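Reading through the C-alpha cells given below for one structure.
As the structure lists them, so they are numbered: ligands from 1, and atoms in each ligand from 1. The shown structure was predicted, so the numbers you read here are calculated from the model rather than taken from an experiment.
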Amino acid sequence: MSDRETWATRLGFILASVGSAVGLGNIWRFPYQTAEFGGAAFLVVYLIAVLIIGLPAILAEFVIGRRAGLSAIDAFDELRFPGWRAVGALGVLAGFWTLSYYSVVGGWVFRYIIGSVTGAYLSAPGEYFGAVSAGPEAIAFHALFMAVTIGIVAFGIRGGIERATRVMVPSIVVLLIGLAVYAFTIPGSGAGYEYFLQPDVAVIAENYQTVVPAAVGQALFSLSVGFSVMITYASYIGDDEDMFVDSGAIAVTNTFVGITAGLVVFPLLAVQGGDYGSAGAGAVFVSVPTALSEVPLGAIVGFVFFFIVAIAALSSAISLLEVVVSHLVDTYGMERKRTTLLLGSVIFLLGVPSAIDTAWLTWFDNVGVNLLVPSTVLLVVVFVGWVLADDAVTEIQQGSDGLASLGPVWLWSVRTFVFVAVLGTLALSVFELTGAPL
Ligand code: PHE
C-alpha cells in the first residue's frame, strides 16, 4: 500500500464522511420516499432508524476500518478473518450497483444546471422533468456525470473535493433554509407541514411491512452505511479520535439536511395540490422549480441550488467509485487511471436502463437499498458483534475519553436491536420483492 494517505485533519475526515453521506439521498431520495410511504409516519420511523440502527452500524464500520487500517475487503485479512472478505466485497458490490442509477439522477441535476441558464424549467416544471428524466438526454447527462466522477477519482484531486465539501455543506444548508423560509411564506403551504410533521401512528401500524424496510433502507443509504465506504474512510483515521463524536456529527448533519429538504418540498407540493404520493422520483425536481418560478431571479437561485446539489452528489459518487477502485489498485496493483476508466464505463452501461426508463431506476434502487445494503449491514453486525466482540469494544473506546463507557452499551445494541431490526428489514424486503404474503 504505497500511496496510503491519512486525513490531514480530523475535520477533513468528518467533512469527507459528511460529503459522502450528504447527497442525493437527502435532497432527492428522502422527500420522495417520505411522500411514498405516508409522510410524517415515515419520518418518525426514519428518525428512530437513524438513531438506533444507523448510528451503531456506522460505528461498526468505523471499528473494522480503523482497526485494520486497510480498504474494505483486505481489512478482513488484516483482522485475521479472511473468510469474512465477502462482507467487504458485498458492500463494494452495493456501491457499484448504486452508482449506476445515482449517476442518472446526478445527470438530471446537471441538466437542471443548464436549464437554469435559459430558465427552461420555470414555465412547466412537470413537463420539463418528464422530458429530461428519461431517454437520450438522460443518457447523455448520465454519461457526463459519470465522466466527471471518473475524472475526479482518476486524478485523485482529493484536496479539491475536501476543499469543496468545506463550502458545500454550509452552502446547502443555507440555501435549503432560504428555500424553506420562502416556502413557509406561500399561501396554501400549511398542509405540507401537516403531512410532513404530524405522524399518524395508524399508518405505521397498517403498513409496517413496507414503511419499516423503506425507512431503515433510507437511513442506511443516506448515512452511506452498508457500502464499505465508512470502513474505507475510517481506515485512514488515528487512534486518538473519538468515533462516537464523529459518527454523531455525521448523523446530525445528515439528518438536518434531509429534514430541511422536506421542509422545502412538502409545503411546495401542498401549494401544487398536495398530491404527494404521486410526486415520485421527480418530487424535488418539480417542486423546487415551481417555487423558483414565483421568485425574482428564480433562474439564478436555481442555478446556485442545482450547482450545490451537483457538488453534493459528486462528493457522494466519488466515495462510491473510490471504494471499488482503491480495492483493485491496492490489492491487485492495477493502474489507477485505467482502472477508474474501465470501472466507470461498466457502471455507466449498468445505468443505461435507468436512464431509459425511470421504472428501471426505481427497480435498481429497490434491489440495492432494500436487499444488498441490509444484507451487507447484517453481516457487518454479526462480524463486529460476535466475531470481534470484546475487541470491538476495546477499539471503539480508543481515543474516547468522555464516552468510552458507551462501548459495552454499543456492543449490546449491535447484538440486540440492530441485529433484529436489520434481519427483520431484510425479511420484510424479501417478502415484499418476491410477493410472498405475510
Ligand atoms: N449517502 C449518499 C446520499 O445520501 C449516498 C451514498 C451511499 C454515498 C453510499 C456513498 C455510499 O446521497
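Looking from atom 12 (O) of ligand 1 to the surrounding protein, the closest heavy atom is Tyr102 OH, 2.5 Å. At the shortest separation from atom 6 (C) of ligand 1 among protein heavy atoms lies Ser224 OG, 3.6 Å. Annotation: atom 2 (C) of ligand 1 to nearest protein heavy atom, Ser20 O, 3.2 Å. Protein heavy atom at the shortest distance from atom 11 (C) of ligand 1 is Leu320 CD2, 3.2 Å.
Of all atoms in ligand 1, numbered sequentially from 1 with element shown, those under 4.0 Å from a heavy atom of Leu24 are 12 (O). Using a 4.0 Å cut-off to heavy atoms of Gly25, the atoms of ligand 1 that qualify are 3 (C), 4 (O), 12 (O). Counting the atoms of ligand 1 from 1 in the order shown, those under 4.0 Å from a heavy atom of Ser316 are 2 (C), 8 (C), 10 (C), 12 (O). Counting the atoms of ligand 1 from 1 in the order shown, those under 4.0 Å from a heavy atom of Val229 are 11 (C). Less than 4.0 angstrom separates some heavy atom of Asn26 from each of these atoms of ligand 1: 4 (O). Counting the atoms of ligand 1 from 1 in the order shown, those under 4.0 Å from a heavy atom of Ser222 are 1 (N), 4 (O).
Aromatic pair Phe141/Phe110: centroids not less than 6.0 angstrom apart.
Any N or O atom pair closer than 3.5 Å counts here, and Leu223 shares no such pair with ligand 1. Considering backbone and side-chain atoms alike, Phe221 places an N or O below 3.5 Å from some N or O of ligand 1.
Only the side chain of Ser319 comes within 4.0 Å of ligand 1, judged by heavy-atom distances.
Remark: of the listed residues Phe256, Tyr46, Phe266, Tyr46 is the sole one forming a ring pair (Phe, Tyr, Trp, His ring centres under 6.0 Å) with Phe30. Looking at Trp360, Phe348, Tyr101 one by one, the single match for ring pair (Phe, Tyr, Trp, His ring centres under 6.0 Å) with His142 turns out to be Phe348.
For the residue pair Tyr128 and Arg111, a side-chain donor N or O sits within less than 3.5 Å of a side-chain acceptor on the partner.
Using a 4.0 Å cutoff on heavy atoms, Trp28 does not count as a contact of ligand 1. Note on ligand 1: Ala21 sits in its first shell, one or more heavy atoms being nearer than 4.0 Å.
Rounded to the nearest 0.5 Å, atoms CG (Leu372) and CG (Asn366) are 11.5 Å apart.
Ring geometry for Tyr121 against Tyr112 counts as parallel: the plane angle stays under 30°, on a 0 to 90° scale with 60° as the upper cut. Between Phe37 and Phe42, the ring planes lie parallel to each other; the angle is under 30°, not in the 30° to 60° tilted range.
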Worksheet item: Can Ser20 and Ser224 be said to form a side-chain hydrogen bond (donor to acceptor under 3.5 Å, both in side chains), step by step?
Response: CA-CA 7 Å; Ser20 170; Ser224 303; 3.0 Å; yes
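With hydrogens and angles disregarded, a donor-acceptor distance shorter than 3.5 Å links the side chain of Arg66 to the backbone of Glu395. A distance-only check finds no donor-acceptor pair linking the side chain of Asn370 to the backbone of Gly217 [under 3.5 Å].
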